[in-house]
Amino acid sequence: MERDAGFSNSLPEYFMLTEEEMEEFRLEKSVTTAKSPEELQKLMVDENLSPIERACLLISTGQDVQRVCTIEHLPQLLESSEHKAAALSTVLPKLCTLLSGSMTSPQVLVSASEAFAKIVECSLVTNHVTTETILPIILSQLDNRDPSVGASWLDTLITILPFLPKDVVERLVLPVAILKGQLSQSVTSRMASCRLIGRMAKSFESRW
C-alpha cells in the first residue's frame, strides 16, 4: 500500500473539534452508545494553550479521537520552523511513550504509522531521529496482535526503507525480515518477509 506523502502546509491554531468533526465522532462505528454532554465536554481544550502544549496534553490525556487528530498534524508541527524543535523534544517522545503502551487503541496506532511514514518521506527529521526513535517503534509493532495494525506498520517500514542508511537496513531490518521468513513462521509472516526483502534488494544491488 503506497502512502500519500502530501499534507497541508497550514498549521491549525489549535487542535479542537469543529462541529462537523463532533458529528463525525458521534457517528463513529466504534462508538456504540450516545455521548452525553459531560463526555463531549471532555473533548474541549483550552484555546489559550500553544500548539505544542496542546499536542502534549492531548497525546497524554486526550480521547482517542483527539489523539488521532493530534498525530495527523504532527508532520505539520515538524515542518514549522517555529515549532519543530519543541515538537522533537516534547511531542515526539510523548507519542513514542504512548505507542509503547499495551492499552493504546488500534486507531491511534494506525494513525501514528501513517504519520511516521509522512515524516520520514518528507525528511522532516534527521537520519539519527529516524534510526534511534522512529524505527524501533515501527519494528516493535510489526507483530501487533491486531493484524490490521501490524499490516499498517509493515506498510510504513516498506515505505521508509529507501530513506534509511544502508548499514541501518542491514543491521536492524534485514535480521527481522530473515526471521519472519522462517518456515516455522505463519504464511502472513513469510509474505511480509518477501515484501521486505524485495524492497531491500535495491539497497544491496551494488554488492551483487
Contact list for residues 97-145, test ring-ring contact (aromatic ring centres under 6.0 Å, His included), sequence neighbours left out: Phe116-Trp153

Pairs where residues 170-194 contributes a residue and the test ring-ring contact (aromatic ring centres under 6.0 Å, His included) is met, not counting sequence neighbours: none

Where do [X] and [Y] come nearest, in terms of heavy atoms and distance?
X	Y	value
Ser193	Lys180	CB-C, 3.8 Å
Val108	Asp64	CG2-OD1, 3.7 Å
Ser152	Val110	OG-CG1, 3.7 Å
Leu109	Leu99	CD2-CD2, 3.7 Å
Gly150	Asn144	N-CB, 4.0 Å
Leu161	Arg199	CD1-CG, 3.5 Å

Evaluation steps, side-chain contact (heavy atoms from CB on, under 4.5 Å), between Leu57 and Arg54: CA-CA 5 Å; Leu57 174 66; Arg54 188 167 294 104; 5.7 Å; no

Between [atom1] on residue [X] and [atom2] on residue [Y], distance to nearest 0.5 Å:
X	Y	atom1	atom2	result
Lys166	Leu174	NZ	CG	14.0 Å
Asp146	Gln107	CG	CD	9.0 Å
Leu124	Ser80	CG	OG	11.0 Å
Ile52	Leu88	CD1	CG	9.0 Å
Ser113	Lys118	OG	NZ	10.5 Å
Leu164	Arg171	CG	CZ	10.5 Å

Taking the side chain as C-beta and beyond, is there a heavy-atom pair between [X] and [Y] under 4.5 Å?
X	Y	result
Leu98	Arg67	yes
Leu77	Lys84	no
Lys94	Thr90	no
Thr188	Pro147	no

Output yes when a side-chain donor or acceptor of [X] lies under 3.5 Å from a complementary backbone atom of [Y], and no otherwise.
X	Y	result
Thr130	Thr126	yes
Arg195	Arg190	no
Ser189	Gln185	no
Glu53	Ser50	yes
Gln182	Leu179	no

Co-membership, hydrophobic cluster, residues [X] and [Y], 4.5 Å side-chain:
X	Y	value
Ile178	Leu157	yes
Leu154	Met191	no
Phe163	Ile158	yes

When the side chains of residues 131-138 are checked against the rest of the protein, which donor-acceptor pairs come out under 3.5 Å, sequence neighbours left out?
from, atom 1, to, atom 2, distance (Å)
Thr131, OG1, Asn127, O, 2.9

